Amino acid sequence: MTEEEQESKTKGFRLLGILDVQNTPCARDAILHGAGGSLGAGLLHFLATSRVKRSFDVGFAGFMLTTLGSWFYCRVNNAKFRVQQRMVQDGIKNKVVYEGTVLDPKNKPGTETPSRPS
């Protein structure tokens, strides 16, 4: 691959020159949800009132609210998922480290099952 092709792959798509949509988590979904919310809010307002400028304003507000709401929701869920993933990884690591030792929670002295008389 040439150097130019590698740069274009790592560059990604920038929205307004600020937000790298390809590399920012949740950005693509938030923008798409915002576009749908904008279209829905503006169209419904236009059908109800037939006022073009106000419908545009409502559509723009719908875009902003839907985009920000979707982005925050996605980011919070990703953070919760990362915390759960970290807890599971630590648990697996601790199981491997403590398995078969005195510190293993499964090998507590008082938790042995009594043998049944035959």
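The model shown is predicted, which means the values in this text are computed figures rather than measured ones.
Think of Leu39 as one node in a network of Ile, Leu, Val, Met, Phe, Trp and Tyr side chains linked at under 4.5 Å; it has no links at all.
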Expected list for residues 86-95: side-chain donor-acceptor pairs under 3.5 angstrom, two or more places apart:
| unit_1 | atom_1 | unit_2 | atom_2 | d |
| --- | --- | --- | --- | --- |
| Asn94 | ND2 | Asp90 | O | 3.4 |

Please output the side-chain donor-acceptor pairs of residues 67-81 that fall under 3.5 Å, not counting sequence neighbours, one pair per line with the distance.
| unit_1 | atom_1 | unit_2 | atom_2 | d |
| --- | --- | --- | --- | --- |
| Thr67 | OG1 | Phe63 | O | 2.7 |
| Ser70 | OG | His33 | ND1 | 2.8 |
| Tyr73 | OH | Asn77 | ND2 | 3.4 |

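Listed by first and then second residue, the salt bridge (charged side-chain N to carboxylate O under 4.0 Å, His left out) pairs involving residues 29-42 amount to none (not counting sequence neighbours). Sorted by first and then second residue, the pairs that involve residues 37-48 and meet side-chain hydrogen bond (donor to acceptor under 3.5 Å, both in side chains), not counting sequence neighbours, are His45-Thr49, His45-Ser55.
Applying the side chain to side chain donor-acceptor pair (under 3.5 Å) rule to Asp57 yields the partners Lys53; only residues at least two apart in sequence or on another chain are considered.
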